[in-house]
*Asks:* 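Following this message is one structure expressed as structure tokens.
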Amino acid sequence: MTEFGPDSTPDFPAAAFSRRLVRWYRRQKRALPWRETSDPYAILVSEVMLQQTTVATVLGYYARFLSRFPTVRDLAEAPEDELLAVWSGLGYYRRARNLQAAARVIMAQHAGRVPQTLEALMALPGIGRYTAGAIMSFAFNKPSPIVETNSARVLARLFCVRAPVKSPATVRQLWHIAEQILPPNNPREHNYALMELGSLACRPSQPDCVLCPVSEFCAAFKAGEQRLIPPADAPAARTRLRFVGVVPLNDGHVLVARIPQGEWHAGMFEFPKVPVPLTVSDVEARETAQQLLQSLGLRGNLVAFREFRYTVTRHSITLCAWMAMCRRPARPPGKALRWVPLDEAGKLPLGSAQRRVLAWVSNDQRPGGT
DNA sequence: AAGCCGTGGCG
DNA sequence: TCGCCAAGGCT
């Protein structure tokens, strides 16, 4: 075989490469909790959390999620609000809903056990080719290749693939390579090692080829092109948006609104807000806040103001938030609105920015706060 | 098949 | 402050 197959990697000494790579991995690997478990469900959870998300961020969620939803059944049966609240701050909230949908399919069609074939895994919502391959190799040590950000970069350099790594043709080529060089006897460590190499040494910028155990196999290194591969993407356009929001307070309660379908963070909660032009003056912003209060059927005083800046995908957002001391209306607010005790609001599913707003008002409302 | 979906850290 | 980056999948 080359040693495991011919084609685009005709002369590549795959077995020797993998042995060298895995030996390095065993010495250098980080201790990560999802590598310490053999529970396929826990590995599934970690892989979904890690999609487009840094290890450091996931470390703050992983154990808590598993202690709250220890089994496929617990997740399948969880109320959505509780699920989203646990996920709150992790981002890409569709992942949480897909993960629960996947858990329900696993209960209904696979007797509660994570399936062990690529086809069955890829049929689960939120699980694509990478995640399916990761579960196959990490959880079951079955020979499924993977291609994701790290390994794609490693493979592109290793074989000097100069085209953009995201183009469909390149993606196909990288999957082919990944399959060709995958050792049938040790797919788990091999795949882990490819990713770990990309993370620790074969980094996006400033690759540290001195640390690399397989530089002698690397076509880009030999050509001195490791810094040119893969080529940088064109910068993404950004838009700016501005909102005026109110945080109605009454007797230790805050008013929150369920975000409607079709908007960012749909189904989660936020403090009421409205879009305003980028150019509004402070006076106009204050008037907008007053009008917003009225439209909620509230009367109250705007007592404090603060701007929050955050990003949602490609949108740079400024939220001008007004704290409002209100009289609670006799009539209950609309169905999407809810008064909640301040100290329980944190248990709601909130986006990251809303969580910061909540921290602001909570701190202010505590005795002695300012 | 581009565009969408979140967030925090870092240079 | 700003742009880039990180264990993608879906439409």
*Asks:* Atom CZ of A/Arg153 to atom P of C/dG8: distance rounded to whole Å?
*Replies:*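 For the pair A/Arg153 CZ and C/dG8 P, the rounded distance is 10 Å.
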*Asks:* At less than 3.5 Å, do the side-chain atoms of A/Thr53 and the base atoms of B/dG6 form a donor-acceptor pair?
*Replies:*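 Answer yes: a donor N or O sits under 3.5 Å from an acceptor.
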*Asks:* Indicate the atoms forming the closest heavy-atom contact of A/Leu293 with A/Gly300, along with that distance.
*Replies:*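 Closest heavy-atom pair between A/Leu293 and A/Gly300: CD1-O, 4.2 Å.
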*Asks:* Keeping to residues at least two apart or across chains, list the ring pair (Phe, Tyr, Trp, His ring centres under 6.0 Å) pairs with something in residues 279-315 of chain A.
*Replies:*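 Found A/Trp264-A/His315, A/Phe305-A/Trp322, A/Phe308-A/Trp360.
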*Asks:* Mind checking whether A/Tyr61 and A/Trp87 have ring centres under 6.0 Å apart?
*Replies:*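 Centroid separation for A/Tyr61 and A/Trp87: 6.0 Å or greater.
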*Asks:* Rounded to the nearest Å, what distance is computed from the OH atom of residue A/Tyr92 to the P atom of nucleotide B/dG3?
*Replies:*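 So the OH-P distance, A/Tyr92 to B/dG3, works out to 15 Å.
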*Asks:* Under 4.0 Å between any heavy atoms, over every strand shown, what does A/Leu90 touch: base, sugar-phosphate, or nothing? Just pick one.
*Replies:*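 Counting heavy atoms under 4.0 Å across all strands, the contact made by A/Leu90 includes a base.
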*Asks:* For A/Thr311, report the nucleic acid contact type (base, sugar-phosphate, nothing); a contact means any heavy atom under 4.0 Å.
*Replies:*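 Contact class for A/Thr311: base.
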*Asks:* Tell me the closest heavy-atom pair linking A/Val280 and A/Glu284, and the distance in Å.
*Replies:*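 Here A/Val280 and A/Glu284 meet closest at CA-OE1, 3.3 Å.
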*Asks:* Would A/Tyr130 and A/Gln51 count as having a side-chain donor-acceptor pair, cut-off 3.5 Å?
*Replies:*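 Side-chain D/A pair, A/Tyr130 to A/Gln51: absent.
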*Asks:* Given atom CG of A/Leu59 and atom C1' of B/dT7, what is their separation to the nearest angstrom?
*Replies:*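 Distance check: A/Leu59 CG to B/dT7 C1' gives 15 Å.
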*Asks:* Give one of base, sugar-phosphate or nothing for A/Ile43, where a contact means two heavy atoms less than 4.0 Å apart.
*Replies:*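 Since no nucleic acid heavy atom lies under 4.0 Å of A/Ile43, the category is nothing.
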*Asks:* Please classify the nucleic acid contact of A/Glu148 as base, sugar-phosphate, or nothing, using heavy-atom distances under 4.0 Å.
*Replies:*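 The residue A/Glu148 makes sugar-phosphate contact but no base contact.
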*Asks:* Using heavy atoms to find the nearest nucleotide of DNA chain C for A/Glu47 and A/Met122 separately, return the residue whose nucleotide is more 5′.
*Replies:*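 Counting from the 5' end, the first nearest nucleotide belongs to A/Glu47.
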*Asks:* Taking NZ, NE, NH1 and NH2 as the nitrogens, is one of them in A/Glu189 or A/Arg35 under 4.0 Å from a carboxylate oxygen of the other?
*Replies:*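 Salt bridge: no.
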*Asks:* Take atom P in C/dC4 and the same atom in B/dG3, then report the distance between them in whole Å.
*Replies:*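 Approximately 16 Å lies between the P atom of C/dC4 and that of B/dG3.
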*Asks:* Rounded to the Å, how far apart are A/Lys166 NZ and C/dC4 P?
*Replies:*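 Distance, rounded to whole Å: 11 Å.
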*Asks:* Tell me whether the side-chain N/O atoms of A/Gln51 come closer than 4.0 Å to OP1 or OP2 in C/dG8.
*Replies:*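 Answer is no, no contact under 4.0 Å.
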*Asks:* If every non-hydrogen atom of A/Gly267 is compared with every non-hydrogen atom of A/Asp81, which pair is closest and at what distance?
*Replies:*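 Scanning both residues, the minimum pair turns out to be O-OD1, 4.5 Å.
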*Asks:* Mind calculating the distance between CZ (A/Arg314) and C1' (C/dC4) to the nearest angstrom?
*Replies:*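 A/Arg314 atom CZ is separated from C/dC4 atom C1' by 12 Å.
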*Asks:* Identify whether any heavy atom of A/Trp264 sits under 4.0 Å from a base atom; if not, whether one sits that close to sugar-phosphate; answer base, sugar-phosphate or nothing.
*Replies:*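 The residue A/Trp264 makes sugar-phosphate contact but no base contact.
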*Asks:* Is there a side-chain polar atom (N or O) of A/Arg238 under 4.0 Å from OP1 or OP2 of C/dT1?
*Replies:*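 For C/dT1, OP1/OP2 do not have a side-chain N/O of A/Arg238 under 4.0 Å.
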*Asks:* With nearest nucleotide decided by heavy atoms, which residue, A/Pro235 or A/Arg30, maps closer to the 5′ end of DNA chain C?
*Replies:*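 Mapping each residue to its closest nucleotide by heavy atoms, the 5'-most match is A/Pro235.
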*Asks:* Figure out the CZ/C1' separation between A/Arg94 and B/dG3, and round it to whole Å.
*Replies:*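 So the two atoms are 11 Å apart, to the nearest Å.
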*Asks:* Just to be sure I understand the rule, does A/Arg355 reach a base, reach only the sugar-phosphate, or reach nothing, if contact means heavy atoms closer than 4.0 Å?
*Replies:*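 Nothing, no nucleic acid heavy atom in range.
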*Asks:* Under 4.0 Å, counting only non-hydrogen atoms across every strand here, what does A/Val48 touch: a base, just sugar-phosphate, or nothing?
*Replies:*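 A/Val48: no heavy atom of the nucleic acid under 4.0 Å.
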*Asks:* Check the phosphate of B/dG3 against A/Thr313, side-chain N and O only, distance under 4.0 Å to OP1 or OP2. Yes or no?
*Replies:*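 For B/dG3, neither OP1 nor OP2 has a side-chain N or O of A/Thr313 closer than 4.0 Å.
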*Asks:* How many Å lie between CZ on A/Phe308 and P on B/dG8, as a whole number?
*Replies:*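 The answer, rounded to whole Å, is 13 Å.
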*Asks:* On a whole-Å scale, what distance lies between the P atoms belonging to C/dT11 and B/dG6?
*Replies:*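 So the two P atoms sit 14 Å from each other.
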*Asks:* For A/Tyr93 and B/dT7, is the shortest distance between a side-chain N/O and OP1 or OP2 below 4.0 Å?
*Replies:*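 A/Tyr93 to B/dT7 OP1/OP2: side-chain N or O found under 4.0 Å.
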*Asks:* Between B/dA1, C/dG9, C/dC2, which nucleotide gets closest to the side-chain atoms of A/Pro168?
*Replies:*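 Minimum distance to the A/Pro168 side chain belongs to B/dA1.
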*Asks:* Reckon A/Gly89 touches a base, only the sugar-phosphate, or nothing at all at heavy-atom distances under 4.0 Å?
*Replies:*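 Sugar-phosphate only.
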*Asks:* Please figure out whether A/Arg356 or A/His315 has its closest DNA chain B nucleotide nearer the 5' end.
*Replies:*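 This one resolves to A/His315.
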*Asks:* Using atom OH of A/Tyr310 as one end and atom P of B/dC5 as the other, report the distance to the nearest whole Å.
*Replies:*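 Rounded to the whole Å, the gap is 13 Å.
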